[in-house]
J.: 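Dropping a structure here in structure tokens format, bear with me for questions.
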There are 2 protein chains.
Amino acid sequence: MSTPDRLIESTRELLWERGYVGTSPRAIQQRAGAGQGSMYHHFSGKPDLALAAIGRTAGEMRAGVEEILSGPGTAAERVSAYLRREREVLRGCPIGRLTQDPEVMADPMLRGPVEETFAWLRDRLAAVLAEGRERGETGAGLDPAATASAVVAVLQGGYVLARAAASPEPFHQAVDGLLALLSRS
Amino acid sequence: MSTPDRLIESTRELLWERGYVGTSPRAIQQRAGAGQGSMYHHFSGKPDLALAAIGRTAGEMRAGVEEILSGPGTAAERVSAYLRREREVLRGCPIGRLTQDPEVMADPMLRGPVEETFAWLRDRLAAVLAEGRERGETGAGLDPAATASAVVAVLQGGYVLARAAASPEPFHQAVDGLLALLSRS
DNA sequence: GTCTATACGCGGATAGAC
DNA sequence: GTCTATCCGCGTATAGAC
């Protein structure tokens with residue numbers, strides 16, 4: 001991997017683990033095995049690196065979600081597959097966690113990808129749910145947008161519960177609880 | 001308000017806005033209008049202050065929730081009232097946000113109240129849901145613990161969506177989506 | 001109780017040599 | 001491209017005077 005790539009990857013990990021405020025250029029360099037001068041040669045500073053890291057993470061996330069949601073199966077099956085997808089629950093969501101970072105939210109450059117990713121995700125899920133409803137598969141009286149937001153919220157909130165409990169269990173409980181409700185509609 | 005009280009209050013606000021890692025003793029002192037020496041006279045340091053602040057926030061939160069959940073109405077009405085309760089959506093949950101802070105999670109003293117608060121909340125909601133089920137009011141085939149986790153997760157995740165969108169709308173959408181599902185069960 | 005002085009390392013970067 | 005030197009202010013205290 002090239003030095004810029006290693007720097008971006010190490011920034012991605014640190015942003016995930018410690019957030020933007022908790023991540024220092026020093027720590028990025030050390031984890032990447034790169035020197036001070038090298039880092040500032042390839043990137044203009046911490047915000048620039050963070051932008052590259054967030055963009056890459058957001059892109060991967062979208063691709064992964066799209067693969068499931070555009071895959072085979074009924075709408076309910078695909079939403080269910082998305083909810084039950086394997087996750088590193090205790091690490092939380094690398095994009096969602098940025099939402100808690102005041103410096104990320106204050107910078108339009110950094111905030112943009114976060115906002116877009118969630119807007120896209122909710123829209124995409126709503127489209128799948130609307131499709132299922134039109135086909136008469138499920139959820140006759142449900143508002144696709146509201147249901148989609150609930151689905152995403154259960155995941156994001158599930159991470160919070162899991163970290164609070166230091167256990168993945170509440171995450172899976174929350175998903176099961178939502179899935180039980182969805183399956184009756 | 002006494003100086004220690006002002007210090008605790010200012011720590012509470014800063015923890016809410018900026019998290020533990022993003023909150024400095026200096027900032028606490030300035031917001032409280034207290035000097036360096038004064039702060040270290042009353043508290044042993046940042047962790048000590050944070051402990052007092054988190055304890056106070058957790059206590060208030062439990063009291064507020066308990067008032068709604070032990071109030072009048074059917075189980076479904078009380079859960080609904082809890083979900084629809086007025087909230088400063090864009091500020092997020094002052095306890096939930098601590099979950100993202102590696103230094104809070106790494107310190108058992110600070111972590112304790114966070115863990116307990118969510119454990120209590122899920123239990124308390126599950127008890128209300130179980131009560132409703134026994135009375136035949138609602139949710140005949142639902143697992144109270146799973147449903148309770150989903151309820152809490154929707155709130156915590158709703159905050160994430162709202163902050164990502166810089167708008168309370170997705171929070172309320174998620175709550176509506178969950179409530180619609182609950183009302184059919 | 002509160003203030004001021006002092007300390008030491010880190011955060012975040014720039015400059016210039018190699 | 002990468003390294004080392006240097007900078008300045010902040011983070012997080014401790015010490016001791018008032």
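Computation of the quantities below employed the complete heavy-atom set of this structure, encompassing side-chain atoms and omitting hydrogens, waters and symmetry-equivalent molecules. These numbers were taken from a predicted model, which means no experiment stands behind them. Per chain, numbering begins at 1; letters A, B, ... match sequence-line order.
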J.: Base, sugar-phosphate, or nothing: which does A:G37 touch, judged by heavy atoms less than 4.0 Å apart?
T.: base
J.: Starting from C1' on D:dC10, measure out to CD1 on B:I28 and report it in whole angstrom.
T.: 14 Å
J.: Please determine, for the side chain of B:S38, which listed nucleotide (C:dA13, D:dA13, C:dC3) has the closest atom?
T.: C:dC3
J.: Once you round it to whole Å, what is the distance between P of C:dG1 and CD of B:Q29?
T.: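 In whole Å, C:dG1 P and B:Q29 CD are 18 Å from each other.
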J.: For B:S149 and B:R122, which I'm curious about, is there any donor-acceptor pair between the side chains at under 3.5 Å?
T.: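 Yes, because at least one side-chain N or O of B:S149 sits under 3.5 Å from a partner of the opposite role on B:R122.
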J.: Let's see if you can work this out: which of D:dA13, D:dG1, C:dG1 has an atom nearest to the side-chain heavy atoms of B:H41?
T.: C:dG1
J.: Picking from C:dC10, C:dA13, D:dA13, which would you name as closest to the side chain of A:P25?
T.: C:dA13
J.: Where the side chain of A:Y40 is defined as all heavy atoms beyond and including C-beta, which of C:dA13, D:dT12, C:dG11 is the nearest nucleotide?
T.: C:dA13
J.: Quick one: A:K46 NZ to C:dC10 P, roughly how many Å, whole number?
T.: 16 Å
J.: In whole Å, I'd like the distance from the CZ atom of B:F43 to the P atom of D:dA13.
T.: 14 Å
J.: Please give, in whole Å, the distance from D:dT12 P to B:L14 CG?
T.: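 Atom CG in B:L14 sits about 12 Å away from atom P in D:dT12.
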J.: Nearest to the B:Q36 side chain among D:dA13, C:dT2, D:dC3, which nucleotide is it?
T.: D:dA13
J.: Students often get this wrong, so: under 4.0 angstrom with heavy atoms, is B:T23 touching a base, only sugar-phosphate, or nothing?
T.: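 The residue B:T23 makes sugar-phosphate contact but no base contact.
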J.: Looking only at the side chain of B:T3 (C-beta and beyond, no hydrogens), which of the listed nucleotides C:dG12, C:dT2, D:dT2 gets closest?
T.: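 Side chain of B:T3 sits closest to C:dT2.
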J.: Please name the pair of heavy atoms, one in A:E17 and one in B:P102, separated by the smallest distance, quoted to 0.1 Å.
T.: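 Closest approach of A:E17 to B:P102, heavy atoms only: O-CG, 3.7 Å.
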